[in-house]
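Below is one structure, written out as structure tokens; comments come after it.
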Amino acid sequence: MKINTLLLATALTSSGVWAAQSKLEQQITPAPQMGIMDSYNQHITNAPFLLNLDSQPKEQMGPYLTRQYFHGTQSTFVKWVAKKGGKVPLHKHPNEQVTWIMSGEAKVFSGGKQYLMKAGDMMVIPANVPHEFHFIQDTVDIDFFAPARQDWIDGTANYIKKSRANYVFK
């Protein structure tokens, strides 16, 4: 089985994750003649890989916010768990962001407008558009970024960490 080693190294950063990956590999079985195109050259591409988001390490971003994420070759996927009163301060990034509120509610401020997002709502935030999130209920937020968040990969995204003292809004 072919596994993208960069993605695997990013995803597997603790022993618990190794166990989860081993379990996921048991979910992959041979399927001869399925998912194959005659004109497709497997030597120039990567194979799909399987992850379990809940087995990814949890990063505490302050008293009100945690995240779990992984990077694909061209995208970043993240699960935020926010407590009521938490926020992600005003920031922008060169990535398109698709936000999906799984549960709870959030107010998103951008361009002088307030957007109320409820469970099931999705929002597309274009690249380089300033925005901030205020969580008005305990919330699970799934985000997808394209291209991958290079600032998370190299550790230069500090807009949340710089404002930890201001994590709660009134």
Side-chain angles (χ1 to χ4, degrees), residues 1-25 27-28 41-83 86-104 106 108-111 115 117 121-135 139-167:
M1 171 187 354
K2 229 166 124 179
I3 296 178
N4 182 315
T5 54
L6 171 65
L7 297 173
L8 188 58
T10 301
L12 306 176
T13 58
S14 71
S15 60
V17 176
W18 282 106
Q21 185 64 28
S22 176
K23 184 176 180 181
L24 286 172
E25 287 180 10
Q27 293 173 224
I28 303 169
N41 184 343
Q42 289 183 327
H43 297 287
I44 60 171
T45 63
N46 291 316
F49 65 98
L50 194 58
L51 290 169
N52 181 291
L53 184 59
D54 287 331
S55 69
Q56 298 304 299
K58 283 186 183 176
E59 184 177 3
Q60 191 70 43
M61 302 303 292
Y64 294 87
L65 192 64
T66 62
R67 72 179 177 185
Q68 293 172 284
Y69 66 95
F70 64 89
H71 302 289
T73 56
Q74 298 181 34
S75 61
T76 299
F77 188 90
V78 61
K79 175 184 175 182
W80 301 94
V81 177
K83 293 181 183 177
K87 72 176 187 175
V88 174
L90 185 63
H91 68 286
K92 65 182 183 72
H93 41 73
N95 318 80
E96 179 177 76
Q97 176 177 345
V98 178
T99 295
W100 180 16
I101 301 297
M102 301 297 297
S103 64
V108 180
F109 297 93
S110 181
Y115 301 84
M117 293 190 72
D121 290 346
M122 296 180 78
M123 175 182 281
V124 176
I125 302 171
N128 296 308
V129 171
H131 57 283
E132 63 186 282
F133 284 77
H134 293 218
F135 297 99
T139 301
V140 175
D141 171 354
I142 301 293
D143 286 349
F144 178 82
F145 298 95
R149 290 292 303 258
Q150 187 62 43
D151 57 342
W152 291 9
I153 293 168
D154 61 26
T156 60
N158 56 11
Y159 59 92
I160 294 176
K161 293 176 181 176
K162 279 186 177 177
S163 65
R164 285 190 179 182
N166 300 318
Y167 251 98

Is it true that the side chains of Asp151 and Thr156 contain a donor and an acceptor less than 3.5 Å apart?
-> no
What is the minimum heavy-atom distance between [X] and [Y], and which atoms define it?
X: Val129; Y: Ser110; result: CG1-OG, 3.4 Å
X: Met117; Y: Thr99; result: CE-O, 3.8 Å
X: Leu65; Y: Val88; result: CD2-CG2, 3.6 Å
X: Ser55; Y: Asn52; result: OG-O, 2.7 Å
X: Pro147; Y: Pro94; result: CD-O, 4.1 Å
X: Met122; Y: Val98; result: CE-CG1, 3.8 Å

Check the angle between the aromatic planes of Phe135 and Phe133 and answer parallel, tilted or perpendicular using the 30° and 60° thresholds.
-> parallel
Taking side chain to side chain contact (heavy atoms under 4.5 Å, CB included) as the test, write out the residues that go with [X], two or more places apart.
X: Met102; result: Trp100, Val140, Ile142
X: Lys58; result: Gln68
X: Thr76; result: Tyr69, His71, Phe145, Ala148, Arg149, Trp152
X: Gln74; result: none

For [X], what residues pass the side chain to side chain donor-acceptor pair (under 3.5 Å) criterion, not counting sequence neighbours?
X: Glu132; answer: His134
X: Asp141; answer: none
X: Asp54; answer: Lys79

Could you tell me which residues satisfy ring pair (Phe, Tyr, Trp, His ring centres under 6.0 Å) with Phe144, sequence neighbours excluded, listed by chain and number?
-> none
Answer whether the closest heavy-atom distance between the side chains of Gln97 and His131 falls below 4.5 Å.
-> yes
